[in-house]
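Please read the structure below before turning to the comments.
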Protein chains: 2
Amino acid sequence: MANSKLYKGSLTTIILKLLNDNQKMYGYEITQKVKALTNGELNITEGALYPSLHKLEAEGLLDVEVTKVDNRLRKYYKLTEKGTKETSNKLNELQAYIKTIQALVNSNFSLE
Amino acid sequence: MANSKLYKGSLTTIILKLLNDNQKMYGYEITQKVKALTNGELNITEGALYPSLHKLEAEGLLDVEVTKVDNRLRKYYKLTEKGTKETSNKLNELQAYIKTIQALVNSNFSLE
DNA sequence: GTTATATGCATAAGTATTTTATGCATATAT
DNA sequence: ATATATGCATAAAATACTTATGCATATAAC
């Protein structure tokens, strides 16, 4: 991701969430979808995405299905059962993180 | 930080925000404050904190004041003028990140 | 009295995740 | 003919963190 340091660590969660909502997606599609949904604010780099997808596949969270469209290769990924459970965990962790960080940042602690 | 991968990248912002609210703090105090404010959920490790404080000082965002209390060393850090501005930037970036990631995670994009 | 816990700072080695820089290939627009 | 879009991939470097130490004083527990 070529934006802020803050996005570090959230790539996996983003991928899983997108696959959870869209049944199956291929790598390039994920980069374009994220860019569109964030109004260009978040750009996933290929150097981060592909190794991440391979890792998720190796961990048994994703299944792959290779197809050819317009003479070009596509690798569709979709969640396994294990992947669906992990998506739920990751989303809960993200919500907890946001809640915690919001609490830290939205108050003036010198008054406490 | 010994918790989630999600916290990666937010340590600097947390430090700056705490110093912004508390005028001056020392390292150990920061670790305890964060632990208390997050009900033990977020634990900043010393291996992450001290190098980060040194870096912020080197960048001119923090000033240091060494004192001795009860025969023990303390290094109080406080924001410089530059540090105060950077705090504002970092907080804005954090809010933007939260907004973006929330949008990505709280919707069902397959319906769009 | 000595052992654990708390206070306080520091650094080095290892790990994980990302950016940056490439590489290859096809299709389409200029 | 050249640039841009589509599509996957990996390797080197940078970054930020965890884990493991090290040193030192004070206090509580046993």
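Residue numbers start from 1 in every chain, and the chains themselves are labelled A, B, ... in the order their sequence lines are given, proteins ahead of strands. Side chains included, hydrogens not; waters and symmetry mates left out as well; all remaining heavy atoms used.
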Given [options], identify the nucleotide with an atom nearest to the side chain of [X].
X: A/Leu11; options: D/dG7, C/dT11, C/dT18; value: C/dT18
X: B/Asn71; options: D/dT25, C/dT18, C/dA10; value: D/dT25
X: A/Thr45; options: C/dT20, C/dG8, D/dT10; value: C/dT20
X: A/Arg72; options: D/dT6, D/dC17, C/dG8; value: D/dT6
X: A/Lys5; options: C/dG8, D/dA16, C/dT17; value: D/dA16
X: A/Tyr77; options: C/dT17, D/dA9, D/dT25; value: D/dA9
X: B/Tyr28; options: D/dC17, C/dC9, D/dC8; value: C/dC9

Would you say [X] places a side-chain N or O within less than 4.0 Å of OP1 or OP2 belonging to [N]?
X: B/Lys75; N: C/dA10; result: yes
X: B/Tyr26; N: C/dG8; result: yes
X: B/Lys55; N: D/dA16; result: yes
X: B/Tyr50; N: C/dC9; result: yes
X: A/His54; N: D/dC8; result: no

Tell me what [X] touches on the nucleic acid: a base, only sugar-phosphate, or nothing, going by heavy atoms under 4.0 Å.
X: A/Glu29; value: nothing
X: A/Arg74; value: sugar-phosphate
X: A/Gly47; value: base

**Asked** Does B/Tyr97 reach the side chain of B/Thr100, with side-chain heavy atoms less than 4.5 Å apart?
**Response** no
**Message:** Side chains of B/Leu6 and A/Ile98, heavy atoms from C-beta outward: is any pair under 4.5 Å?
**Reply:** no
To the nearest Å, give me how far apart [atom1] ([X]) and [atom2] ([N]) are.
X: B/Leu53; N: C/dC9; atom1: CG; atom2: P; value: 9 Å
X: A/Lys33; N: D/dG7; atom1: NZ; atom2: C1'; value: 18 Å
X: A/Ile14; N: C/dT17; atom1: CD1; atom2: C1'; value: 13 Å
X: B/Leu49; N: C/dA10; atom1: CG; atom2: C1'; value: 11 Å
X: A/Ile30; N: D/dT6; atom1: CD1; atom2: P; value: 15 Å
X: A/Glu46; N: D/dA12; atom1: CD; atom2: P; value: 19 Å
X: B/Met25; N: C/dC9; atom1: CE; atom2: C1'; value: 16 Å
X: A/Ile44; N: D/dG7; atom1: CD1; atom2: P; value: 16 Å

**Asked** Can you name the closest pair of heavy atoms from A/Leu62 and A/Thr80 and give their distance?
**Response** C-CG2, 3.7 Å
**Prompt:** Can you name the closest pair of heavy atoms from A/Pro51 and A/Glu46 and give their distance?
**Reply:** CD-O, 3.7 Å
Distance-only donor-acceptor pairs under 3.5 Å for side chains of residues 68-78 of chain A, two or more places apart:
unit_1  : atom_1 : unit_2  : atom_2 : d
A/Arg74 : NH1    : A/Tyr76 : OH     : 2.9
A/Arg74 : NH2    : A/Tyr26 : OH     : 3.3

**Item:** salt bridge (Lys or Arg N to Asp or Glu O under 4.0 Å) partners for A/Lys99, two or more places apart
**Value:** none
